[in-house]
There are 2 protein chains.
Amino acid sequence: MSLEQQPVKEHRRTRQRAAVDEVLEETEDFISAQDLHAILRSRGMSVGLATVYRTLQTLADNGDVDVLHTAGGEAAYRRCAREGHHHHLVCRSCKATVEVAGPAVERWTSSVAKEHGYTDVAHTLEIFGTCPRCAQG
Amino acid sequence: MSLEQQPVKEHRRTRQRAAVDEVLEETEDFISAQDLHAILRSRGMSVGLATVYRTLQTLADNGDVDVLHTAGGEAAYRRCAREGHHHHLVCRSCKATVEVAGPAVERWTSSVAKEHGYTDVAHTLEIFGTCPRCAQG
DNA sequence: CCCAATTTTGACAATCGTTGTCAGTTTTCA
DNA sequence: TGAAAACTGACAACGATTGTCAAAATTGGG
Ligand SMILES: [Zn+2]
Ligand SMILES: [Zn+2]
Ligand SMILES: [Zn+2]
Ligand SMILES: [Zn+2]
């Protein structure tokens, strides 16, 4: 067995990371690296695109933000309120997100996996739909 | 029986499509467009990469094959035995796939969506793990 | 069988999100 | 304060996928 410690990669406090953090903090919905970078630029904050990518990647690795892969194949990030494992109900058009927990689903996935002898199990689950606001207004 | 109008985009029978179909038919696990193309080439069957992409895309659109987005961000395709809506338990290393149905999950996702007023709901759910064979040998 | 309309093909360029490079900059801490 | 260590950013590189468009193949008549 290999006991893996959490990879605390974020050691140093830099203005770039603070900037990314700030945007994440005030952004309610999932946002892509590119979009976050655009926001920073529009605010006159100069942060390299690569740095934005790296920072988000690290935050995701450390579990500080959730990652979602959109239909278009791009990664979107979000700092969620809920702490433990959970999933998302996301509006296809405006990205409005609801955090949802489904203990039954978690149990089901592990039982299915175990049933077939699969180990080291993980799963991805996202629910997409049209939110009430976008549905009609 | 329910009459569902299928977008029959595949009109013509060409050797290229037959070739792609053949590989899909004999391939048990999910396979990417690139890998399928490589197999065709290795067999001396000349089929353009773009054609492989287009063919798989069309098959997926018509619901003839299932699509899976791997961790590496590439699409993988599979002709499944099960007909209705279902999910997959996939081995991370060898791609060995088990088709699974989870009526409870389906119910849960729609109830959660309805609960928050979301409509036109869909969901993605994939279970990843290490299959028994890869686990030890 | 032959043809013209229509669809499909494939080599190649182009796009797009993302990662690698690496010299110069910043942070940390002894 | 003085490095060692981590971080940054401009830019190149990358890999998967899509767009282009002339040439080739399929189809349904005639
Ligand atoms: Zn979340
Ligand atoms: Zn919405
Ligand atoms: Zn399937
Ligand atoms: Zn396996």
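Here is how names work: the chains are called A, B, and so on, in the same order as the sequence lines, proteins then strands, and each is numbered from 1.
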Could you check how far [atom1] of [X] sits from [atom2] of [N], rounded to whole Å?
{"X": "B:L68", "N": "D:dA16", "atom1": "CG", "atom2": "C1'", "result": "15 Å"}
{"X": "B:H69", "N": "D:dT17", "atom1": "NE2", "atom2": "C1'", "result": "10 Å"}
{"X": "A:L49", "N": "C:dG20", "atom1": "CG", "atom2": "C1'", "result": "13 Å"}
{"X": "B:D35", "N": "D:dT17", "atom1": "CG", "atom2": "P", "result": "10 Å"}
{"X": "B:H37", "N": "C:dC12", "atom1": "NE2", "atom2": "P", "result": "12 Å"}
{"X": "B:E74", "N": "C:dT19", "atom1": "CD", "atom2": "P", "result": "14 Å"}
{"X": "A:Q34", "N": "C:dT15", "atom1": "CD", "atom2": "P", "result": "15 Å"}

B:Y53 vs D:dT18: side-chain N/O to OP1/OP2 distance below 4.0 Å: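 So the side chain of B:Y53 is outside the cut-off, no N or O lying under 4.0 Å from OP1 or OP2 of D:dT18.
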[atom1]/[X] to [atom2]/[Y] distance, rounded to the nearest 0.5 angstrom?
{"X": "B:Y77", "Y": "B:L68", "atom1": "OH", "atom2": "CG", "value": "10.5 Å"}
{"X": "B:T58", "Y": "B:D64", "atom1": "OG1", "atom2": "CG", "value": "9.5 Å"}
{"X": "A:D21", "Y": "A:R13", "atom1": "CG", "atom2": "CZ", "value": "11.0 Å"}
{"X": "A:T109", "Y": "B:L89", "atom1": "OG1", "atom2": "CG", "value": "9.5 Å"}
{"X": "B:M45", "Y": "B:S42", "atom1": "CE", "atom2": "OG", "value": "10.5 Å"}
{"X": "A:R15", "Y": "A:S46", "atom1": "CZ", "atom2": "OG", "value": "6.0 Å"}

Where at least one partner belongs to residues 108-124 of chain A, residue pairs that pass salt bridge (charged side-chain N to carboxylate O under 4.0 Å, His left out), sequence neighbours excluded: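 Only A:D120-B:R92 qualify under salt bridge (charged side-chain N to carboxylate O under 4.0 Å, His left out).
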Output side-chain donor-acceptor pairs under 3.5 Å for residues 69-76 of chain B, partner residues at least two apart or in another chain, one line each.
residue	atom	partner	partner atom	Å
B:T70	OG1	B:G72	N	3.3
B:T70	OG1	B:E74	N	3.2
B:T70	OG1	B:E74	O	3.2

Protein-nucleotides 11-14 of chain D N/O pairs under 3.5 Å:
none

Option from A:H86, A:R78, A:R79 for which side chain to side chain donor-acceptor pair (under 3.5 Å) with A:D66 holds: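 One option only clears the test, and that one is A:H86.
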Shortest non-hydrogen contact between A:C131 and A:C91, atoms and distance: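 So the two residues come closest at N-SG, 3.4 Å.
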Closest contact, heavy atoms only, B:V67 versus B:A60: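 Heavy-atom minimum between the residues: CG2-CB, 3.4 Å.
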B:Y53/B:H37 aromatic ring centres below 6.0 Å: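 No - the distance between ring centres of B:Y53 and B:H37 does not fall below the 6.0 Å cut-off.
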Distance-only donor-acceptor check, side chains B:H123 and B:H87, under 3.5 Å: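 Yes - a donor-acceptor pair under 3.5 Å links their side chains.
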Helix axis bend for the helix from C:dC1-D:dG30 to C:dA30-D:dT1 - C1'-based end axes, five pairs, 10° rounding: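 Helix axis angle between the two ends: 30°.
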From D:dT18, C:dT8, D:dT8, nucleotide with atom closest to B:Q57 side chain: D:dT18
Members of residues 38-48 of chain B that approach DNA chain C, where some heavy atom sits under 4.0 Å away: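 DNA chain C contact set from residues 38-48 of chain B: B:S46, B:V47, B:G48.
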Derivation and outcome, salt bridge (Lys or Arg N to Asp or Glu O under 4.0 Å), residues B:E26 and B:R43: CA-CA 14 Å; B:E26 65 193 47; B:R43 293 186 184 175; 2.2 Å; yes
Between protein and nucleotides 21-28 of chain D, what N or O pairs are separated by less than 3.5 Å?
residue	atom	partner	partner atom	Å
D:dT26	O2	B:R12	NH1	2.6
D:dT27	OP1	B:R13	N	3.3

